[in-house]
There are 2 protein chains.
Amino acid sequence: MSRPEALSPARLKDAAPLFAALGDATRLGLLVSLCASGPLTVTRLSGQFAVSRQAITKHLDVLAEAGLVTSARQGRERIWTFEPKRLEDAHQYLARLSREWDVALGRLKAFVES
Amino acid sequence: MSRPEALSPARLKDAAPLFAALGDATRLGLLVSLCASGPLTVTRLSGQFAVSRQAITKHLDVLAEAGLVTSARQGRERIWTFEPKRLEDAHQYLARLSREWDVALGRLKAFVES
DNA sequence: AAAAAATGCAACCGAGGGGTTGCATCAGTC
DNA sequence: GACTGATGCAACCCCTCGGTTGCATTTTTT
């Protein structure tokens, strides 16, 4: 059993694809759009970017694979929706790293003062 | 003037490379090592991973480019140190996105109730 | 001064990422 | 049923990424 805060290699393998999905300006832009304007279709989204609709589709697929968006067919169009859960996961990873660093600093301080 | 919380395209262009640097399991592992064990050299770090020293060097260069680590020559070796500032930046980006979403939800709620 | 350790530099390689274009398909609309 | 709009699918292209190997360079150490 590992503490829930531990940053095990297994956790890293889960975190990496998540951050990778966030590591593209167009994809971040898509998330912002979906956050601000609410659920949208591909064609509507691609109107806001300088790339083709198919390129946007691929980006949305990547975001969906990472769990950052979901989609649902509705008649002849597909609606894409932002999914805040995974964003919280990403936040947790960063918090854990940060905490690990603080702990290390504490150890160093204790060592210097001893 | 844009509010400091706004997620402008300019901010996204800054955030994307940062998240991209975090989007690799080996690089996340390097950050964890540097956090937990304190500043280390390349050879010492590469001992903990299954890839060559040169591969680790490239990863460290990527992390340095993103501002997540710094390095300093010391005699015949180079010491790599974790840099917590940029991690805080990443955290801020996520928080802004999350907040934007909450605002949108609030608007939706107000609309439904009107 | 010679050997050993730590790093730097450069070329190369295969896979995947981001983008495009063209065409097929499917669902409303007149 | 014919037309139009929104997607889906597939092939292709170029370039970056992660990784390798081989060798040069710089500092210690003996």
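Fair warning: this is a prediction, and the values are worked out from it, not measured in the lab. So that the names make sense, note that chain A is the first sequence line, chain B the second, and so on, each numbered from 1.
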Item to complete: Start with the C-alpha gap between B:L22 and B:R86, add the side-chain angles, then the distance that decides, and say whether side-chain contact (heavy atoms from CB on, under 4.5 Å) holds.
Response: CA-CA 11 Å; B:L22 294 170; B:R86 290 291 282 170; over 6 Å; no

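Expressed to the nearest 0.5 Å, how far OG1 of A:T43 lies from CD1 of A:I56 amounts to 11.0 Å. Rounding to the nearest 0.5 Å gives a distance of 10.0 Å between CG of A:L31 and CG of B:L94.
Regarding A:Q74, its CD atom lies at a distance of 14 Å from the P atom of D:dG8, rounded to whole Å. Note: CD1 (B:I56) to C1' (C:dA6) measures 15 Å, nearest angstrom. Across the protein-nucleic acid pair, A:I79 atom CD1 and D:dG5 atom P stand 18 Å apart, rounded to whole Å. Remark: P of C:dT25 and CZ of A:R73 are 14 Å apart, rounded to the nearest angstrom. Following rounding to the nearest Å, B:E77 (CD) and C:dG8 (C1') show an atom-to-atom distance of 15 Å.
Contacts of A:T57 with the nucleic acid, taken as non-hydrogen atoms under 4.0 Å apart, are absent.
Ion pairing between a basic and an acidic side chain is recognised when a charged N comes within 4.0 Å of a carboxylate O; A:R27 and A:D61 show no such pairing.
The side chain of B:R76 lies closest to C:dA4, out of C:dA4, D:dA6, C:dT7. Listed candidates were D:dG8, D:dT7, C:dT7. Nearest to the side chain of A:T41 is D:dT7.
When only modelled atom types and interatomic distance are considered, B:T41 and B:E77 share no side-chain donor-acceptor pair under 3.5 Å.
In terms of heavy atoms, B:R78 sits closest to B:S71 at NH1-OG, 2.7 Å.
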Which pairs, protein N/O on one side and nucleotides 14-21 of chain D N/O on the other, fall under 3.5 Å?
from, atom 1, to, atom 2, distance (Å)
D:dG18, OP1, B:R27, NH1, 3.4
D:dG18, OP1, B:R27, NH2, 3.1
D:dG18, OP2, B:R27, NH1, 3.3
D:dG19, OP2, B:H59, NE2, 2.3
D:dG19, N7, B:K58, NZ, 3.0
D:dG19, O6, B:K58, NZ, 2.3
D:dT20, OP2, B:S52, N, 2.8
D:dT20, OP2, B:S52, OG, 2.7

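For the OP1/OP2 pair of C:dG8 and a distance below 4.0 Å, the side-chain nitrogens and oxygens of B:R78 include at least one atom meeting the criterion.
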